[in-house]
Each structure stands twice: as structure tokens, then as C-alpha cells.
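Report on one structure; see the data block that follows.
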Amino acid sequence: MGVHSAAERVLAGLDPEQRSAVTAPAGPVCILAGAGTGKTRAVTSRIAHRALTGDIAGRHVLAVTFTARAAAEMRSRLTVLGVQGVQARTFHAAALRQVRYFAPRLLAGRAMPELLDSKVRVVTLAAAKVGLRADRAAARDLAGEIEWAKSSLVEPGEYVVAAAKALRETPYEPARVAEVFDAYERLKRGNGVIDFEDMLRAAVWGIEEHPDVAEQVRNQYRHFVVDEYQDVNPLQQRLLEAWLGGRDDLTVVGDASQTIYSFTGATSSYLVDFPRHHRGATVVRLVRDYRSTPQVVGLANAVIAQARGAEARLRLELHGQRPPGPEPELRIFTDEPAEANAVAARCRALVAGGTPAREIAVLFRTNAQSEAYEKALTEAEVPYVLQGAERFFERPEVRQAMIALRAATRSVPGGTPLRAAVVEGLAAVGWAPDAPPAGGVARERWEALAALVQLAEEYAATPDLLPIGEAAALERQRGLADFTEELARRAAQQHVPTVEGVTLASLHSAKGLEWDAVFLVGLAEGTLPTTYAKTPEQVEEERRLLYVGITRAREWLWLSYATARSPGGRARRPSRFLPQLDRSGGGERAAAGPARRAERRRPQVVSCRICGATLLAGADRKLGRCPTCPSDLDEELYERLREWRQRVAGALKVPAYVVFTDATLTALAERKPARTEDLVAIAGIGPRKVGLYGDTVLALVAGAAVDDVCPQKTFEI
């Protein structure tokens with residue numbers, strides 16, 4: 001096959017936008033690629049097309065990804081396309097390779113320092129040096145703060161100010177974290193070891209401070225591709241700029257709507273500002289979604305359409321390319337156990353219907369939510385695997401808690417209510433039933449132990465299964481010893497290894513993956529968005545998490561939340577990001593084209609005009625506010641509207657609600673519409689009622705008396 005025909009083969013089958021990305025001229029190129037739009041195909045085809053046409057040589061290309069899996073996939077696709085020599089690596093792998101290669105020159109013959117696999121051990125020692133006793137969870141949170149600081153190019157002496165500006169939620173007082181950070185750096189140097197951020201910095205230093213190294217690196221790599229560019233942190237950007245050395249043959253690929261790792265130091269600002277920093281850059285938008293059905297795509301569009309902030313400027317409206325599929329389901333449950341049991345039952349039905357268990361995923365906001373689904377799937381005899389997290393009963397804090405609870409059976413007085421006994425037992429491992437601590441890992445640990453307390457409450461409320469006639473035994477209070485036996489039983493059941501199963505994963509760890517069927521669970525205020533999302537930027541990142549979750553589904557999508565955590569618990573509101581799913585269309589589906597069907601089924605979002613939460617209940621949507629938000633009812637107007645309705649209903653000899661319901665009258669008295677368009681915006685007032693009563697209602701809102709607008713005449717329905 002000739003060079004020309006090989007290059008043409010690369011272009012075969014590409015859609016117009018992908019072809020534009022592939023054939024864009026040399027220089028800065030920004031590919032904004034929505035979920036499922038074939039970004040890997042586009043970027044590998046661009047590399048291959050340029051190589052096969054002689055524009056570049058494969059050996060001069062460095063393609064940078066964020067996971068080894070993505071790098072391997074890129075290399076595999078390039079091989080299939082007939083291109084050899086391209087280096088596709090993660091930032092860390094590329095930096096490590098260069099640092100090792102140049103170490104003899106940079107270190108004057110000294111051995112390269114050992115690379116730390118984990119910061120936790122050194123951080124623990126550093127904390128002790130400054131008088132802090134940090135358990136493993138606290139040490140992991142401190143390590144996370146140090147990683148954020150170093151990735152953000154923040155030195156120990158700058159940490160306090162930088163953390164304040166970034167609104168970091170620190171595991172200890174910022175000044176104490178800075179002390180640990182400084183001690184950590186000194187310990188590393190004293191022990192002759194480096195961490196991953198040091199390695200990236202060494203690669204930058206080698207290029208910026210050694211002209212001979214810079215010349216060799218830049219002679220080797222002349223064309224750069226960066227995947228998932230919205231996830232780049234300042235240190236990685238500094239390394240990229242060192243590699244480029246002022247040149248502009250750079251292709252970046254990203255989706256601002258999938259920016260969900262800002263807590264690690266990642267920032268979408270480099271993607272958002274790419275055209276401004278690279279004058280004359282070619283910008284291509286990939287919007288044809290080949291992964292998900294139009295119904296799933298429509299829901300994703302509806303959720304992200306409400307986004308605000310810098311990332312929203314680059315949001316993409318996706319267009320589903322697959323045949324139509326089932327509508328997404330929105331389910332509401334009384335409590336979380338009921339939600340988990342329903343999810344497990346549906347998983348079992350899907351598997352029985354032929355869907356492979358590996359093609360089903362249950363996604364949640366925090367790993368601490370997994371226990372309920374582990375339990376429910378186990379009891380439903382559905383195999384499962386955990387993605388990016390330990391099994392609940394294998395977590396160190398849970399194992400320690402179970403040991404502490406067994407020990408507490410010997411010290412807690414008999415007759416102590418089970419919840420109080422469990423709380424007292426958990427005090428031995430430092431848990432207390434107050435607000436969870438700051439810091440991701442410590443918070444996850446607190447929530448995992450809180451799940452044990454909730455489990456104790458449920459266990460205490462469930463009677464033993466005893467023979468009929470043993471009513472007295474049903475009165476027996478379940479004690480701590482019984483509960484520890486129950487925990488041991490559950491742990492034993494859930495340690496059974498599975499070869500294939502339903503995936504349980506957090507939304508963060510689900511990024512980059514996809515399944516035929518996806519359950520998005522726990523979509524309640526306080527969970528998604530989490531209560532720790534306090535700034536507008538943090539809330540918007542929570543919205544993007546839901547968007548990422550939705551776009552993981554190829555065909556079948558379930559969204560659910562429980563109105564309470566446990567039976568009889570405090571009521572919760574649905575996530576403000578949840579749209580109301582419009583299930584209209586009925587018999588018209590077969591006649592309508594795919595684009596029209598997708599448009600009609602697009603979820604309609606009604607938000608509270610006071611707090612911004614998404615409204616699901618019909619009465620709430622009519623009022624335009626949550627039932628718990630303060631009312632601004634004009635009582636005098638409401639009474640006039642009621643009197644008018646009574647007269648109209650009497651004249652027509654129909655019940656008053658046929659004219660307008662109480663909820664509609666309340667909405668009118670709160671929202672005080674001034675125009676016909678304002679009337680139609682109130683749910684329940686359609687064109688027919690506007691024609692019958694619109695002018696009269698507007699006159700009443702404007703201050704007219706009932707006698708003035710209600711002459712004696714016959715009304716017709």
C-alpha cells in the first residue's frame with residue numbers, strides 16, 4: 001500500500017469534525033472532545049496521518065496521557081494504523097525515563113535517589129517530628145495536601161497563604177500542615193529519596209538549567225500531544241512548556257465538563273485559555289456521541305446545560321449517534337436500604353435477562369456508600385467487584401472497629417441501647433458522632449464508621465426470626481454481642497472472591513470507563529453535591545461529577561435517591577442537579593425521527609427560584625420553589641383569587657379545583673405574573689386556561705377587584 005493510500009485509509013470512516021481534527025495544520029490545535037465522541041481515534045489518526053504523509057516522523061512525537069492504560073491503547077492503535085516509534089507515556093513515566101537517562105550527567109556520577117512509592121510512611125515520621133500523632137488516615141490526608149502543594153508549585157513557606165486562597169479544607173490547621181510539609185522535605189533530603197513530584201521537578205530543572213539537556217530533549221521530541229488536558233496541574237504544565245521550549249506544535253485534547261480532580265491540583269484553566277495563550281490555534285469540537293443512546297445524551301445535555309463558571313464556556317452539546325434506547329429512570333425511595341435492595345433486584349433481573357454482570361455498574365459519590373450495595377447484592381446473590389476501593393469489611397478502619405466492638409462487649413453495661421453501645425465502642429478507635437473531620441481520607445474513614453452506627457440502628461430495629469409463640473423473645477433487646485456476630489457473618493459472606501460481577505465504584509474512579517447499564521445512586525442533597533462543596537466552583541465540580549456518571553452509560557440508566565438515610569430518618573431533598581425526566585411522547589415515538597424524539601424527550605429542568613435546587617414534585621414545580629424555602633405569598637391577592645375561583649366554579653357548577661388548584665392559586669399569589677408568558681411559565685396553566693382565564697387573572701394580579709372582573713355571565717368549559 002502506497003503512502004497516499006495509507007493516509008487516505010486513516011481518514012476513512014471519520015466524521016466531519018474528527019476529520020477536521022486529523023487534518024488541522026501543524027501548530028497549536030485544541031480538540032474539545034465530549035464524552036463518547038471518539039477522541040482517542042481522532043488524536044491517534046492525527047498522529048498517523050501526519051506521519052504517513054511525511055509531515056512528521058513518529059520517533060519525534062511524544063504523546064502524554066494520564067493513565068498507563070490510555071497510553072497502551074494509544075500505542076496499540078498507532079501500530080494498527082501502521083505508525084511506529086511514537087512515544088505514548090504518562091507524564092510520570094516520561095519524566096522518569098528522561099531523569100534516569102540524564103542522571104549521570106546531572107548528578108555528576110552520583111546515584112539517582114530512590115523513588116518513593118508512597119509518601120505515607122515519611123509523612124507519618126514528619127508529623128511526629130513536629131509533635132503531631134497522625135494515624136494512617138491522617139497521614140494519607142497530609143500526603144494529599146503535600147501532593148496538592150507540590151503539584152501547584154507551592155513551597156512549604158508559601159503553603160498557608162496558598163491554602164487560604166484555594167479554600168483548601170485542611171486536615172489540621174494550615175500552619176501545622178506547613179510544618180509537616182517542611183519536615184517531610186527535610187526528611188526526604190536526609191534519606192536521599194525523592195517523590196513523584198520531585199521527579200517531575202527534576203525533569204523540568206534538567207531542561208531549564210542545562211542547555212545541553214534541553215537541546216537533546218527538544219531535538220528528540222518536536223511534536224506533542226496531551227490527552228485529558230483539563231486534568232493538567234501547574235507542575236505538569238511547567239514540564240510541558242519545558243519540553244516545548246517556545247515551539248507550538250502541540251495538540252491538546254480535553255473536555256472542560258469532565259473537570260473533576262481540582263482537589264488534586266488539576267485545573268482546566270490551561271484548556272479554557274488555550275486559544276488565548278496560543279494565538280491562531282485551531283479549535284475543533286467533537287460533539288457526535290457514539291457511546292450512549294440519544295436518551296442518555298439528552299439527559300447529560302440537560303444536566304450540564306445548567307453549569308456556570310469558566311468551564312461552562314467550553315461545554316459541548318452532544319448529539320447521540322446510536323439508535324434510540326430506553327428512557328432514563330428516576331426512582332425515589334423511602335430510605336437507603338430500600339434503594340440498595342431495589343438496585344440489587346434490578347441488577348439481578350438484568351443479569352437474568354442476558355446482560356453480563358461486568359456490563360453493569362453502580363456508581364456513588366463516596367466509597368463509604370458502598371457497604372449498603374455490597375450487602376444488598378450479596379443477599380440478592382449477584383456477584384460484584386469494587387473499582388478503586390477496598391471492600392467495606394476489608395478496610396483497615398472497619399477491621400479495627402470490629403475488634404474494638406468485640407472488646408467493648410466485655411465493658412459496656414448490659415441493657416445499654418445498641419446504638420449507644422456501638423458509639424461507646426467506637427470511641428476506642430477515635431470515632432465520635434459529631435461532624436466528620438476535614439480531609440478526604442479522614443472523612444471517608446469517619447463515614448465508614450458512621451455506616452456501622454447506622455447498621456446498628458437498623459439491626460436493633462429488626463426483630464429476630466423466631467418461631468411463632470415466642471413473642472417474649474421478640475422483646476429481647478439486641479445487644480452488642482449479637483451485633484458483632486452479625487458483622488462477622490456479613491464480613492464472611494462478602495469476602496467470597498468473584499471472577500466477574502457488577503462494578504461498584506465512586507464517580508471519581510469511574511472516569512474513563514463505560515458500561516451498558518449504569519445505576520447512579522444516592523443523588524440527594526448533602527451527598528451530591530456533598531455538604532463540603534461550599535463555594536460556587538466546588539458546587540459546579542459536583543455537577544460535573546453527575547455529568548461524568550451519566551455519560552458512563554451506553555444504553556440503560558437509572559438515577560435514584562432516598563428521602564431518608566434510614567427508616568424513619570430525617571427527610572432529605574433530591575440533588576439540585578436532578579432534572580425531571582419528561583416521559584411524554586407515547587404513541588408518537590414510532591412516527592418521529594431520532595432527532596425529534598431526542599429533542600422531545602430532553603429532560604426539563606425546573607429550579608427553585610429561591611435556592612436553585614431542582615424541583616421534582618408537581619406541586620413544588622408549580623410553585624417554583626422548594627416546600628422548605630420561605631414563601632413570599634401575597635395573602636390579599638390569594639384571597640381575591642380564591643373568591644374569584646369560587647364564583648367561577650359556582651357559575652360553571654364544577655368543583656373549584658377544576659378552575660385552578662390551590663397550588664396554582666398559591667403560585668399565582670407568590671409569583672404575580674404580569675404577562676401571558678409569565679402565566680404559561682407556571683406549571684398547570686396551559687394555553688386552554690390562559691384563553692379562558694388569562695386576562696382576568698392578570699387583571700386580578702394587577703389589583704382589580706373581584707366584582708370588576710367577574711360580571712354575571714355564563715362560563716363555558
Side-chain angles (χ1 to χ4, degrees), residues 91-92 95 99 113 115-116 118-132 134 138-209 230-243 259 261-273 277 310 437-443 532-538 541:
F91 267 106
H92 289 98
V99 170
L115 183 63
L116 285 174
S118 169
K119 293 181 175 67
V120 173
R121 185 181 63 83
V122 180
V123 167
T124 302
L125 293 173
K129 285 274 189 184
V130 300
L132 284 179
R140 288 168 63 189
D141 282 333
L142 285 166
E145 279 302 294
I146 292 171
E147 285 183 11
W148 168 80
K150 299 186 73 168
S151 296
S152 303
L153 302 175
V154 172
E155 301 297 331
E158 304 165 338
Y159 174 81
V160 173
V161 173
K165 286 183 178 179
L167 301 176
R168 297 293 292 179
E169 198 171 290
T170 58
Y172 296 95
E173 287 294 324
R176 298 293 276 158
V177 177
E179 291 176 8
V180 176
F181 185 6
D182 183 62
Y184 168 80
E185 291 296 305
R186 286 187 279 105
L187 275 172
K188 278 198 299 92
R189 287 193 295 271
N191 292 328
V193 296
I194 60 173
D195 57 26
F196 283 100
E197 291 74 37
D198 294 330
M199 185 179 61
L200 293 178
R201 289 185 174 207
V204 171
W205 170 73
I207 296 172
E208 290 183 346
E209 301 298 328
Q230 77 278 351
D231 291 333
V232 165
N233 63 44
L235 177 54
Q236 291 164 336
Q237 178 68 18
R238 179 84 170 266
L239 177 57
L240 175 62
E241 291 170 357
W243 285 334
T259 304
Y261 296 113
S262 65
F263 62 94
T264 68
T267 172
S268 63
S269 63
Y270 303 117
L271 177 66
V272 172
D273 294 334
H277 289 304
V441 177
R443 188 184 308 147
Y532 304 101
K534 296 181 174 66
T535 68
E537 293 78 13
Q538 290 167 341
E541 184 148 328

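Heavy-atom basis, side chains included; hydrogens, waters and symmetry copies ignored.
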* Asked: Distance-only, no hydrogens or angles: does the Ser152 side chain make a donor-acceptor pair with backbone N or O of Val154 under 3.5 Å?
  -> no
* Student check: side-chain heavy atoms of Val193 and Pro113 closer than 4.5 Å -> no
* Does a side-chain heavy-atom distance below 4.5 Å link Phe91 with Val232? -> yes
* Asked: For residues Thr259 and Gln230, is any side-chain donor paired with an opposing acceptor at under 3.5 Å?
  -> no
* Asked: Does CZ in Arg168 sit with more than 12 non-hydrogen atoms of other residues, nucleotides or ligands closer than 6.0 Å?
  -> yes
* To do: Would you name the heavy atoms of Ile207 and Ala242 that are closest together and state the gap between them?
  => CG2-O, 3.5 Å
* State, with a plain yes or no, whether a side-chain heavy atom of Tyr184 is found less than 4.5 Å away from one of Pro156. => no
* Please name the pair of heavy atoms, one in Ala203 and one in Ala95, separated by the smallest distance, quoted to 0.1 Å. => CB-CB, 4.0 Å
* **Spacing of Thr535 atom OG1 and Glu541 atom CD [to the nearest 0.5 Å]** => 9.5 Å
* Show the numbers, then the answer: is there a side chain to side chain contact (heavy atoms under 4.5 Å, CB included) between Lys534 and Glu169? => CA-CA 11 Å; Lys534 296 181 174 66; Glu169 198 171 290; 4.0 Å; yes
* To do: Let me see the working for Asp195 and Leu115 under side chain to side chain contact (heavy atoms under 4.5 Å, CB included), right down to the final yes or no.
  => CA-CA 6 Å; Asp195 57 26; Leu115 183 63; 5.6 Å; no
* Quick one: closest heavy-atom pair of Lys150 and Leu235, and the distance? => O-CD2, 3.9 Å
* From NZ (Lys188) to CD1 (Ile146), nearest 0.5 Å -> 9.0 Å
* Criterion side chain to side chain contact (heavy atoms under 4.5 Å, CB included) on Trp205 and Arg201, from CA distance to verdict -> CA-CA 6 Å; Trp205 170 73; Arg201 289 185 174 207; over 6 Å; no
* To do: Please lay out, stage by stage, how Val122 and Leu116 fare under the test side chain to side chain contact (heavy atoms under 4.5 Å, CB included).
  => CA-CA 9 Å; Val122 180; Leu116 285 174; 4.0 Å; yes
* Structure fact -> Between the CG atom in Leu132 and the CG atom in Leu142, the distance rounded to the nearest 0.5 Å is 7.5 Å
* Once the angle between the rings of His92 and Phe196 is folded into 0 to 90°, is it parallel (under 30°), tilted (30 to 60°) or perpendicular (over 60°)? -> perpendicular
* **Rounded distance [0.5 Å steps], CG in Asn233 versus CG in Leu239** => 10.0 Å
Please list every donor-acceptor pair under 3.5 Å in which a side-chain atom of residues 157-167 meets a protein atom from a residue at least two apart or in another chain.
{"unit_1": "Glu158", "atom_1": "OE1", "unit_2": "Glu155", "atom_2": "N", "d": "2.9"}
{"unit_1": "Tyr159", "atom_1": "OH", "unit_2": "Glu145", "atom_2": "OE1", "d": "2.5"}

* **Salt bridge present between Glu179 and Arg176 (N-O < 4.0 angstrom)** => yes
* To do: Taking only Lys NZ, Arg NE, NH1 and NH2, and the carboxylate oxygens of Asp or Glu, determine whether Arg238 and Glu241 approach each other closer than 4.0 Å.
  => no
* To do: Quick one: closest heavy-atom pair of Ala138 and Tyr172, and the distance?
  => CB-OH, 3.5 Å
* From Gln236 CD over to Leu240 CG, what is the distance, rounded to the nearest 0.5 angstrom? -> 9.5 Å
* Where Ala183 and Val130 come nearest, the two heavy atoms and their spacing -> CB-CG1, 4.0 Å
* Asked: Which value, rounded to the nearest 0.5 Å, describes the distance between Glu537 atom CD and Ser262 atom OG?
  -> 9.5 Å
* Which residues satisfy the salt bridge (charged side-chain N to carboxylate O under 4.0 Å, His left out) test with Arg186, sequence neighbours excluded? -> Asp182
* To do: Could you tell me whether Lys129 atom NZ has more than 12 heavy atoms of other residues or ligands within 6.0 Å of it?
  => no
* Asked: What's the shortest heavy-atom distance between Ala134 and Ala139, and which atoms?
  -> CB-N, 4.1 Å
